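Data block below; observations after.
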Amino acid sequence: MIRKIYSLLLKHYGKQNWWPGNRFEIVISAILTQNTRWENVEKSLENMRRKGIDSFKKILELDDGALKELIRPSGFYNQKAERLKILSEYMESQGGLEKLFSKNKHKLRKELLALKGIGPETADSILLYAGDKLIFPIDAYTKRFWKRFFGEEKTYHELQEIFHKELPRDLEAYKEMHALIVELCKNHCKKRPLCDSCPLSEHCKKITD
DNA sequence: CTCCAGGGGGCCA
DNA sequence: TGGCCCCATGGA
């Protein structure tokens with residue numbers, strides 16, 4: 001069923017091509033986008049580019065006030081500035097992204113989760129989109145989608161196991177499916193589902209709370 | 001004006 | 001990953 005949904009969503013919305021940028025930007029935007037609209041994250045990324053902040057080393061060289069100012073559009077800038085610093089120190093201690101992502105993915109995931117400000121979704125997004133690891137991130141949209149579609153609430157781990165078991169073992173499928181579910185929910189899985197025009201309407205249970 | 005976004009930490013029971 | 005509150009900007 002997951003594969004069927006994937007193919008329906010792909011046909012309806014097309015390829016999303018999330019996070020086509022470089023690994024550095026993917027990693028920092030994983031923090032910046034926490035509970036924040038992507039358009040606001042782009043403003044912050046543009047601020048960083050304009051100042052030539054293109055490495056974790058340069059983030060560490062910024063004083064806290066300057067960093068907060070650059071990322072202000074993404075909201076929660078006090079805590080996100082602190083979290084970017086912590087993440088940058090970790091990244092610098094690892095000797096570069098190549099070495100980092102050559103580690104065992106489960107070991108790396110544990111290390112990321114141990115950092116303040118990195119929870120399951122942020123860690124898994126970094127591993128999938130920056131590290132090209134076959135790990136499927138579960139976000140609020142995915143939980144909402146599952147509840148609408150199958151009528152049951154599942155935990156992060158339960159949902160992740162389901163997608164890992166049923167999705168094609170294919171990086172593009174993982175990356176696209178996560179983005180496609182977000183696109184679907186932005187349009188159709190809100191509090192009041194708009195089942196009629198939903199591309200999955202024929203398969204949806206039409207849960208209305 | 002209100003609502004909420006591509007979460008996570010801290011704290012509590 | 002229990003539940004609740006907090007963090008903050010900016011678009012609709």
Side-chain angles (χ1 to χ4, degrees), chain A residues 6 9 13-21 23 25-48 64-88 90 106 109-131 133 135-148 150 152-165 172-194 209:
Chain A
Y6 173 49
L9 291 178
Y13 291 114
K15 280 192 66 177
Q16 301 296 301
N17 285 316
W18 262 21
W19 274 329
R23 290 179 147 180
E25 285 197 354
I26 295 172
V27 170
I28 60 172
S29 53
I31 298 273
L32 294 177
T33 196
Q34 288 172 353
N35 205 41
T36 301
R37 293 177 190 277
W38 181 251
E39 302 77 60
N40 285 9
V41 175
E42 289 198 311
K43 294 180 203 293
S44 299
L45 290 178
E46 189 50 45
N47 288 343
M48 307 268 277
D64 292 349
L67 180 56
K68 286 178 186 177
E69 201 50 42
L70 291 177
I71 67 172
R72 173 184 287 276
S74 306
F76 305 127
Y77 52 85
N78 289 310
Q79 30 181 306
K80 284 178 179 174
E82 181 194 7
R83 292 169 184 190
L84 283 179
K85 290 266 186 175
I86 293 172
L87 178 59
S88 297
Y90 170 75
H106 299 106
R109 188 176 127 104
K110 279 188 182 172
E111 291 184 7
L112 290 173
L113 285 176
L115 300 176
K116 184 175 177 181
I118 298 194
E121 191 198 334
T122 306
D124 291 341
S125 294
I126 290 173
L127 287 164
L128 175 61
Y129 289 97
K133 306 296 179 191
I135 295 185
F136 192 79
I138 306 297
D139 60 357
Y141 283 137
T142 309
K143 290 182 180 173
R144 192 186 307 170
F145 153 76
W146 196 268
K147 190 181 175 195
R148 300 284 175 217
F150 296 105
E152 50 188 7
E153 302 207 29
K154 297 246 178 232
T155 65
Y156 192 101
H157 187 62
E158 287 171 337
L159 278 178
Q160 190 168 51
E161 282 200 324
I162 292 171
F163 281 89
H164 281 180
K165 195 186 307 178
E172 181 168 303
Y174 275 51
K175 292 182 179 181
E176 287 300 321
M177 184 60 159
H178 177 60
L180 285 167
I181 289 175
V182 171
E183 190 57 29
L184 171 75
C185 288
K186 279 182 177 172
N187 297 299
H188 299 291
C189 287
K190 305 189 175 181
K191 288 178 181 174
R192 290 288 169 269
L194 308 171
D209 287 334

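Note: hydrogens, waters and symmetry copies are ignored here, and every other heavy atom, side chains too, is used. No experiment lies behind these values; they were computed from the predicted model shown. Throughout, protein chains are lettered first and strands after them, A, B, ... in sequence-line order, and every chain is numbered starting at 1.
- Note: NZ (Lys143(A)) to P (dG6(B)) measures 16 Å, nearest angstrom.
- Stacking here means ring centres nearer than 5.5 Å and ring planes tilted less than 30 degrees, and by that measure Trp38(A) does not stack onto dA5(B).
- Each salt bridge (Lys or Arg N to Asp or Glu O under 4.0 Å) pair with one or both residues in residues 117-130 of chain A, not counting sequence neighbours, appears once here: Arg109(A)-Asp124(A).
- Within the 4.5 Å cutoff, the side chain of Val182(A) has heavy atoms near those of the Trp18(A) side chain.
- The CG atom of Leu180(A) sits 15 Å away from the P atom of dG6(B) (whole-angstrom rounding).
- Counting only Watson-Crick and G-U wobble pairs whose two key distances fall under 3.5 Å, DNA chain B forms stems of three or more stacked pairs at B:2-5 with C:9-12, B:7-12 with C:2-7.
- Between the NZ atom of Lys80(A) and the P atom of dG7(B) there is a distance of 9 Å, given to the nearest Å.
- Atom-to-atom, CD1 of Ile71(A) to C1' of dA8(C) comes out at 11 Å; the value is rounded to the nearest Å.
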Atom pairs, protein N/O to nucleotides 10-12 of chain C N/O, distance under 3.5 Å:
residue	atom	partner	partner atom	Å
dG10(C)	O4'	Asn40(A)	ND2	3.3
dG10(C)	N2	Arg37(A)	NE	3.3
dG11(C)	OP1	Lys43(A)	NZ	3.0

Pairs under 3.5 angstrom, nitrogen or oxygen only, protein versus nucleotides 9-13 of chain B, please.
residue	atom	partner	partner atom	Å
dG9(B)	OP1	Gly117(A)	N	3.0

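- If you check the side chains of Lys80(A) and Ser44(A), you find no donor sitting under 3.5 Å from an acceptor.
- Evaluation of the salt bridge (Lys or Arg N to Asp or Glu O under 4.0 Å) test over residues 175-187 of chain A, restricted to residues two or more places apart or in two chains, returns Asp132(A)-Lys175(A).
- For His157(A), there are no ring pair (Phe, Tyr, Trp, His ring centres under 6.0 Å) partners, not counting sequence neighbours.
- Note: CG (Leu87(A)) to P (dG8(B)) measures 13 Å, nearest angstrom.
- Residue Ile31(A) contributes atom CD1, which lies 9 Å from atom P of dG8(B) at whole-angstrom precision.
- When heavy atoms are screened at a 4.0 angstrom cut-off, Tyr141(A) is found touching the sugar-phosphate backbone but no base atom.
- Side-chain nitrogen and oxygen atoms of Asn78(A) include at least one within less than 4.0 Å of the OP1 or OP2 phosphate oxygen of dA8(C).
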